[in-house]
S.K.: 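My questions all concern the structure below.
One-based numbering along the sequence shown.
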Amino acid sequence: RGLGDVYKRQVEHRDHDDKKVRKAVRKALHTLRSKGVEIPEVAQSWSTGSAIKDMRGDLEPTAHVDTRSTPGALRFLLSLPNDTEGARLFSGALTPDDRVAEFNAYQQTDGQRTRLLRDWARETESRAVSVEWIKGRVRWAREQTIASGYPVPRALDQALSLLGETPSERPSSTFLADALSTDANVADDAADATMIAMGIPNWPPMISLDSMLEKAAEIHGDKPQPEKEEDRLALLAQSVQGDDEARKGLSGTLANALDDMAVHAWLEGENDQAQAAYGWAHALRSSDAPEGLSFAPRLLGYQVASLLRAMGGPEAVARAQAQAAAAGQA
């Protein structure tokens with residue numbers, strides 16, 4: 001090895017951690033230069049350390065959900081930081097029957113992301129939605145949408161590489177298990193007030209009620225419409241017994257909507273509503289006859305009311321039923 005390598009090693013030790021070594025090396029290099037010896041330059045490396053990360057702020061992927069602004073749907077925001085600067089921000093909406101209703105993609109600056117996370121933190125404190133849960137829900141809904149014969153937004157297809165693999169089953173909100181129990185903790189006489197507080201009356205019609213309404217019409221006959229709430233609920237409870245369509249809707253779509261509502265309520269710190277929604281969703285999914293649960297007729301009653309509003313009122317529904325019956329006899 002030549003003298004150049006020796007000089008190079010001396011130069012490399014010019015910034016040694018040991019002060020005595022630094023002083024000795026710099027003194028030796030000064031002496032050599034004063035005697036005309038050419039000392040090779042060594043490129044000095046430098047690092048920003050954590051400076052850039054500190055300036056960029058929190059670089060963990062983050063998500064937020066909302067079930068109130070669009071009743072009956074799960075709206076979400078998903079912010080995924082880029083490697084160097086800024087982030088990708090995805091927003092969209094999923095229906096309780098796992099359809100992609102909306103999906104948009106945007107770019108965020110680090111400043112915009114920091115302000116967004118600060119706003120979220122004021123609302124949610126230390127509570128956070130699972131990012132992997134949101135990614136899985138979006139991928140799962142995409143597959144269900146396509147399988148049903150509907151297209152998905154182009155922005156979603158372009159973002160697939162950032163959303164992970166499609167799960168083998170519908171992702172469940174297991175991240176709530178430590179915070180909530182499977183008991184709704186709602187007395188029967190408090191169920192209606194709880195559903196109103198949760199905004200359930202604002203849900204659109206989400207399940208098939210045809211067979212249940214037909215049976216209700218058969219049972220009720222020509223008698224006047226029940227005026228008391230308990231009488232209407234009793235008629236619904238009788239009409240829905242053994243109804244496979246209603247049973248599927250209760251344990252599927254409506255349970256999904258309740259579960260999503262539990263996530264939002266928990267995120268916002270509304271623990272009583274979160275517990276009620278989470279417990280009801282669990283009860284509907286775990287029962288062989290969910291229509292027989294004490295709160296089920298009331299839940300179905302709000303779906304009937306939504307259907308009536310959508311169709312123009314009870315008279316419009318009666319006309320539609322009469323037309324369907326006439327068509328069936330033709």
S.K.: Please answer whether the main-chain N or O of Phe175 pairs with a side-chain N or O of Ser173 as donor and acceptor at a distance below 3.5 Å.
M.R.: no

S.K.: If we ignore hydrogens and angles and just use 3.5 Å, is the side chain of His264 paired with the main-chain N or O of Thr67 as donor and acceptor?
M.R.: yes

S.K.: Take Ser251 and Arg285, measure what side-chain hydrogen bond (donor to acceptor under 3.5 Å, both in side chains) needs, and give me the verdict at the end.
M.R.: CA-CA 5 Å; Ser251 61; Arg285 287 171 175 155; over 6 Å; no

S.K.: Glu85 side chain to Thr109 main-chain N or O, any donor-acceptor pair under 3.5 Å?
M.R.: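 No.
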
S.K.: Whether the side chain of Thr253 engages the backbone of Gly249 through a donor-acceptor N/O pair (distance < 3.5 Å, no angle test) should be reported.
M.R.: no

S.K.: Should we count CG of Asp272 as having more than 12 external heavy atoms under 6.0 Å?
M.R.: no

S.K.: With a 4.5 Å limit on heavy-atom distance, are the side chains of Val304 and Leu213 in contact?
M.R.: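 Yes - at least one pair of side-chain heavy atoms lies under 4.5 Å apart.
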
S.K.: When you measure from the side chain of Arg170 to the backbone of Arg137, do you find a donor-acceptor pair of N or O atoms at a distance under 3.5 Å?
M.R.: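 Not at all, since once roles are kept as given, no pair shorter than 3.5 Å links the two residues.
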
S.K.: Go through the steps for Asp288 and Arg247 under the test salt bridge (Lys or Arg N to Asp or Glu O under 4.0 Å), then give the verdict.
M.R.: CA-CA 9 Å; Asp288 293 332; Arg247 183 175 293 175; over 6 Å; no

S.K.: Flag yes if more than 12 heavy atoms outside Gln107 fall under 6.0 Å of its CD atom; otherwise flag no.
M.R.: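 Above 12, so yes.
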
S.K.: Please confirm whether Phe295 and Trp280 have ring centers closer than 6.0 angstrom.
M.R.: yes

S.K.: Please test Arg75 against Asp66 for salt bridge (Lys or Arg N to Asp or Glu O under 4.0 Å), starting from the C-alpha separation and ending with a verdict.
M.R.: CA-CA 5 Å; Arg75 300 200 68 86; Asp66 166 37; 5.6 Å; no

S.K.: Would the distance check show the side chain of Glu268 and the main-chain N or O of Thr124 forming a donor-acceptor pair, the cut-off being under 3.5 Å?
M.R.: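 Side chain of Glu268 to backbone of Thr124: no pair is present.
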
S.K.: Would a distance-only check, ignoring hydrogens and angles, find a side-chain to backbone donor-acceptor pair under 3.5 Å from Asp110 to Gly86?
M.R.: yes

S.K.: Do any N or O atoms from the side chain of Thr62 and from the backbone of Glu60 form a donor-acceptor pair under 3.5 angstrom?
M.R.: yes

S.K.: For the pair Asn256 (side chain) and Pro96 (backbone), establish whether a donor and an acceptor sit closer than 3.5 Å, ignoring hydrogens and angles.
M.R.: yes

S.K.: Has the side chain of Glu165 got a donor or acceptor atom that lies under 3.5 Å from a matching backbone atom of Arg139?
M.R.: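 Between the backbone of Arg139 and the side chain of Glu165 there is no qualifying donor-acceptor contact (under 3.5 Å).
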
S.K.: side-chain hydrogen bond (donor to acceptor under 3.5 Å, both in side chains) between Tyr278 and Asn185: does it pass, once the steps are laid out?
M.R.: CA-CA 10 Å; Tyr278 192 71; Asn185 197 28; over 6 Å; no

S.K.: Would you call Asp243 and Lys215 a salt bridge, using N to O less than 4.0 angstrom?
M.R.: no

